Number of protein chains: 2
Amino acid sequence: MNIGAVAKASGVSAKMIRHYEQIGLIGHSPRTEAGYRQYQERDLHTLKFIRSARDLGFSLEQIHQLLSLWYDEQRSSAEVKQLAESHLSDLDKRIQALITMRDALVSLSESCCGDNRPDCPILEGLAGHVPASSSPPQLSKQKAQGV
Amino acid sequence: MNIGAVAKASGVSAKMIRHYEQIGLIGHSPRTEAGYRQYQERDLHTLKFIRSARDLGFSLEQIHQLLSLWYDEQRSSAEVKQLAESHLSDLDKRIQALITMRDALVSLSESCCGDNRPDCPILEGLAGHVPASSSPPQLSKQKAQGV
DNA sequence: GCTAAACCTTGCCATCATGGGAAGGTCAAC
DNA sequence: GTTGACCTTCCCATGATGGCAAGGTTTAGC
């Protein structure tokens, strides 16, 4: 398979496949006489693995570790699970951070009537003045309910 | 105020203040004879505004628009609110994407017992095989409940 | 007045994952 | 043999931020 075919089949762009090769995430593929990269089923399998891991938000560094474990017949599933849980906790932190932002912005936005007048609690909030008609306690503590 | 003082007071690093000046987010400050940037209360106020907006996840491009509206006495609060809601919808999309990742990974992770043996449903899942003991329908459709 | 520390300046490079484009070589079909 | 679709390498860009280096300035202490 040429790079275009394996890119299409794996869902990883040709650009990225070359990049992954360059940073050592995947090995150097053999080349034709003309210099074209040649791929086998096994490479396609690896690229699909990478693609799935990216879809789950793993970094390339983490994927590097996952691939080592995948290739290692002696691995313990505990090692893999530990990696997954560490990533899970990272995902949870990012989700929480975004939800915190969201809730703060919702509460600012709700206090702005959005009409033709220039008075705007959103801008006032950003400028450091607490918006007048917002943040009853239960709103400011709101978490993760209605995302 | 020198850049260090205004950085400390605003919570925006000196590095970033220079950067914001360079990309035109804030104006060029006057300089001392030696070339040191000089800031006033007004600039501090602006930087705090920027900092708050960054904390809410607005991009520098969006902050540029927010600042224009902030300075514009003729603005309508509707314009501000529209910007805020557009950003809110973006935040919601990002939160949903992360939650989707998280749920998929949780379901993989739960099916892995994490012991000394090499069998690992997480790796199998990434490799494209459905993990054996996972995904009863209600789990695979799970959304946003327990973040 | 001298020295050291703490500050400031500009400029370049790095991150992370990805895409764009240019300039040029190769292959297959017609 | 030409055309179009593919491939190659190389450089640059994103967005927001940090780091470092080489050098100038200010300030405090002696």
Side-chain angles (χ1 to χ4, degrees), chain A residues 1-26 28-40 43 46-67 87 90-91 93-94 97-98 101, chain B residues 1-26 28-40 43-44 46-47 49-67 87 90-91 93-94 97-98 101:
Chain A
M1 267 181 293
N2 282 349
I3 200 171
V6 83
K8 200 169 181 181
S10 67
V12 178
S13 74
K15 200 92 188 185
M16 279 301 99
I17 296 176
R18 292 191 197 100
H19 181 58
Y20 292 163
E21 178 186 305
Q22 214 200 337
I23 64 176
L25 186 63
I26 59 181
H28 291 261
S29 74
R31 306 283 189 116
T32 65
E33 284 196 359
Y36 284 24
R37 289 173 179 80
Q38 288 297 292
Y39 296 96
Q40 309 298 322
D43 305 310
T46 301
L47 286 169
K48 282 182 179 172
F49 181 100
I50 293 174
R51 176 58 206 255
S52 301
R54 289 292 302 134
D55 286 345
L56 289 179
F58 284 98
S59 70
L60 295 187
E61 172 59 32
Q62 289 172 313
I63 292 174
H64 190 73
Q65 299 175 250
L66 285 172
L67 282 174
H87 178 46
D90 184 56
L91 282 178
K93 278 181 203 147
R94 285 156 63 190
L98 287 177
M101 283 183 196
Chain B
M1 265 182 295
N2 282 348
I3 200 171
V6 83
K8 200 168 181 180
S10 67
V12 178
S13 74
K15 196 96 189 183
M16 279 300 100
I17 296 176
R18 293 190 197 101
H19 180 58
Y20 293 164
E21 178 185 306
Q22 215 200 336
I23 64 175
L25 186 62
I26 59 182
H28 290 260
S29 75
R31 307 282 189 115
T32 66
E33 284 196 357
Y36 283 25
R37 289 173 178 81
Q38 288 298 292
Y39 296 96
Q40 309 298 323
D43 304 311
L44 174 56
T46 301
L47 286 169
F49 181 100
I50 293 174
R51 177 59 205 254
S52 302
R54 289 292 302 135
D55 285 345
L56 289 180
F58 285 98
S59 70
L60 295 187
E61 172 59 32
Q62 288 172 313
I63 293 175
H64 190 73
Q65 298 175 250
L66 285 172
L67 282 173
H87 178 46
D90 185 55
L91 282 179
K93 277 182 203 146
R94 285 156 63 190
L98 287 177
M101 282 183 198

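Just so it is clear, the structure is predicted and the values come from calculations on it, not from any experiment. By convention in this document, chain letters (A, B, ...) are assigned in the order of the sequence lines, proteins followed by strands, and residues within each chain are numbered from 1.
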A:L25 CG to C:dT18 P, straight-line distance once rounded to whole Å: 10 Å
Student check: side-chain heavy atoms of A:Y39 and A:N2 closer than 4.5 Å: no
Describe the nucleic acid contact of A:R18 in one word from base, sugar-phosphate, nothing, applying a heavy-atom distance below 4.0 Å. base
Is the number of heavy atoms from other residues, nucleotides or ligands within 6.0 Å of CD (A:Q38) greater than 12? yes
Rounded to the Å, how far apart are B:H19 NE2 and C:dA14 P? 17 Å
Atom pair distance, as rounded to whole Å: CZ in B:R51 and P in D:dA16: 14 Å
C:dC7 C1' sits how many Å from B:K8 NZ, rounded? 12 Å
Output the rounded distance in Å from CD1 (B:I50) to C1' (D:dA16). 13 Å
Give a yes/no on whether any side-chain N or O of A:Y20 is located under 4.0 angstrom from OP1 or OP2 of C:dA17. no
Given C:dT18, D:dT17, D:dT26, which nucleotide is nearest the side-chain atoms of B:Y36? D:dT26
Going by the side-chain contact (heavy atoms from CB on, under 4.5 Å) test, name the single residue among A:H19, A:E21, A:R18 that passes it with A:I26. A:E21
Spacing of A:E33 atom CD relative to C:dC27 atom P, expressed in whole Å: 9 Å
Of the options D:dG18, D:dT8, C:dT10, whose atoms approach the side-chain atoms of B:R37 most closely? C:dT10
Counting distance only, does the side-chain N/O of A:R51 pair as donor-acceptor with the main-chain N or O of A:G11 below 3.5 Å? yes
I want to check one thing: is the phosphate of C:dT10, taken as OP1 and OP2, less than 4.0 Å away from some side-chain N or O of B:R31? yes
Measure from the side chain of A:K15, starting at C-beta and using heavy atoms only, and say which of D:dA16, D:dC7, D:dC11 lies closest. D:dC11
Choosing from C:dG19, C:dA17, D:dA16, which nucleotide comes nearest the side chain of A:L60? C:dA17
Starting at atom CE of B:M16, determine the distance to atom C1' of D:dT17, rounded to an integer number of angstrom. 5 Å
Could you check which of C:dC27, C:dG19, C:dT9 has an atom nearest any side-chain atom of A:S13? C:dG19
Should A:R54 be listed as having a side-chain N or O under 4.0 Å from OP1 or OP2 of C:dT18? yes
Has A:R54 got a side-chain atom pairing as donor or acceptor with A:F58's backbone, closer than 3.5 angstrom? yes
Heavy atoms only, 4.0 Å cut-off, all strands: where does B:T32 land among base, sugar-phosphate and nothing? nothing
Atom CD of A:E61 and atom C1' of C:dA14: how far apart are they, to the nearest Å? 16 Å
